[in-house]
Amino acid sequence: MTDGSARSTRRRITVLGSTGSIGTSTVDLLARIPDEIEVRALVGGCNAALLAEQARLLNAEVAVLHDESRHDELKSLLAGTGVRTAAGRQAVIEAGAMEADWTMAAITGAAGLEPTLASVRNGHAVALANKEALVCAGDVMLRAVSDAKATLLPVDSEHNAIAQSLGGCDMETVEKIILTASGGPFRQSTLEDMRAATPEKALKHPTWSMGAKITIDSASMANKGLEVIEAARLFGLTEDRIDVLVHPQSVVHGLVQFRDGSLVSQMGSADMRIPIAHTLAWPKRMETPCGRLDLAAYGRLEFEAPDEVRFAPLRLARQVLRAGGAAPAVFSAANEIAVEAFLNRRIGFLGIGETIDAALQAMTENPELKSLDDVLHWDARGRELAEAHILRTSGHLRNHLSEAALNA
């Protein structure tokens with residue numbers, strides 16, 4: 001086979017969010033199959049050094065930073081390599097729109113909505129690791145998927161596990177699906193302990209190694225709430241057909257209960273390269289360096305119902321899923337603001353759930369979201385409502401911390 005024909009058989013790849021935790025795992029897998037791929041675009045946030053390293057490793061066509069202030073640094077790092085560079089919001093969207101056979105959509109938060117939608121409109125496979133794409137913009141995104149005849153491949157370990165457990169079965173044969181949760185660092189903590197929790201303690205996840213935002217979401221179980229909403233969109237299920245089980249070993253990632261009584265699960269080590277590889281090779285399988293499960297070494301697997309009193313975001317997520325309309329977008333936006341405020345010590349840990357609840361309570365209407373502009377409007381509104389609540393209550397937090405220091 002000639003070099004030209006070899007190139008023509010390579011799959012065209014784009015990675016949105018390549019410098020994040022999902023993105024770096026994706027790059028690791030891509031680097032293992034260089035003869036099978038042709039990397040069109042790598043998109044990072046503000047880490048110019050890492051993005052340049054990835055672009056050189058994968059011989060990317062273009063490297064794009066969201067942070068325009070780091071563009072000169074990126075250009076300098078990639079000078080003479082032949083890799084084109086760009087920066088800024090519009091450049092990120094344009095990278096998402098580049099023709100690709102497979103796109104990893106791993107830009108977190110509302111910033112990932114527009115480039116993910118641009119990728120979907122290509123009509124090819126999109127590996128979805130951006131929860132907000134379906135939580136906030138579910139109807140808009142799914143309509144675009146249908147119009148473009150694109151394929152959505154879930155990357156979240158839980159949704160990927162459900163997809164694998166379904167095995168292509170008709171959803172009419174499914175009684176319910178069950179998402180598992182590790183329980184995070186506060187699984188056995190009291191409300192008092194959680195109220196006093198520091199960002200350092202909340203960032204110590206017992207099982208997974210992830211970025212700060214998703215680690216805090218895991219600690220509060222907001223991530224599981226987002227995943228319940230996402231699962232409803234992905235699999236066309238109502239809220240009452242989606243269960244959650246706390247499973248601290250993180251071996252079983254998802255289960256499907258069929259109407260004949262069968263319960264089918266997917267298991268694997270706590271390594272995000274496994275679900276990423278499943279989407280990358282789909283509908284085939286690829287070899288990975290991930291550790292293999294030794295069930296005998298575990299000896300025992302535990303499961304328990306989640307506590308929706310201590311982990312209020314999970315309860316609130318179920319409420320907004322039932323409410324529909326703009327409520328999920330406000331939930332997601334308020335959670336982003338609350339997590340950032342907690343990491344900056346502006347609110348306490350339990351303040352995350354309180355901020356989400358306050359933002360939802362402050363909504364005076366709950367319209368259907370028919371366009372991306374609608375989604376972005378309500379995302380912004382959710383942030384405003386959350387920030388307003390934090391400003392109202394931050395004085396109380398400062399007083400509480402001062403009293404705690406005096407009593408120490």
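- A search for side-chain hydrogen bond (donor to acceptor under 3.5 Å, both in side chains) contacts involving E73 returns R70, not counting sequence neighbours.
- For residues 106-120, the salt bridge (charged side-chain N to carboxylate O under 4.0 Å, His left out) pairs, not counting sequence neighbours, are R89-E114.
- Partners of S165 under the side-chain hydrogen bond (donor to acceptor under 3.5 Å, both in side chains) rule, at least two apart in sequence or in another chain, do not exist in this structure.
- Applying the salt bridge (charged side-chain N to carboxylate O under 4.0 Å, His left out) test to pairs two or more places apart or on separate chains, those with a residue in residues 285-306 are R187-E304.
- Checking side-chain atoms of D170 against main-chain N and O of T173 turns up no donor-acceptor pair under 3.5 Å.
- With sequence neighbours excluded, no residue satisfies ring-ring contact (aromatic ring centres under 6.0 Å, His included) with F311.
- Applying the side-chain hydrogen bond (donor to acceptor under 3.5 Å, both in side chains) rule to S146 yields no partners; only residues at least two apart in sequence or on another chain are considered.
- Exactly one residue among D271, L29, N160, L153 makes a side chain to side chain contact (heavy atoms under 4.5 Å, CB included) with I276. That residue is L29.
- Pairs passing the side chain to side chain donor-acceptor pair (under 3.5 Å) check and including a residue from residues 306-317, sequence neighbours excluded, read D307-R310.
- When the ring-ring contact (aromatic ring centres under 6.0 Å, His included) test is applied to F235, no partner is found at least two apart in sequence or on another chain.
- For residues 352-377, every residue pair satisfying the salt bridge (charged side-chain N to carboxylate O under 4.0 Å, His left out) rule, not counting sequence neighbours, is listed here: R195-E354.
- Pairs of residues two or more places apart, or lying in two chains, that qualify as side chain to side chain donor-acceptor pair (under 3.5 Å) and include a residue from residues 121-144 are E99-H124, K131-D156.
- For H247, the ring-ring contact (aromatic ring centres under 6.0 Å, His included) partners at least two apart in sequence or on another chain are F303.
- A side chain to side chain donor-acceptor pair (under 3.5 Å) check over residues 328-340, counting only residues at least two apart or in different chains, returns the pairs D217-N335, E336-R383.
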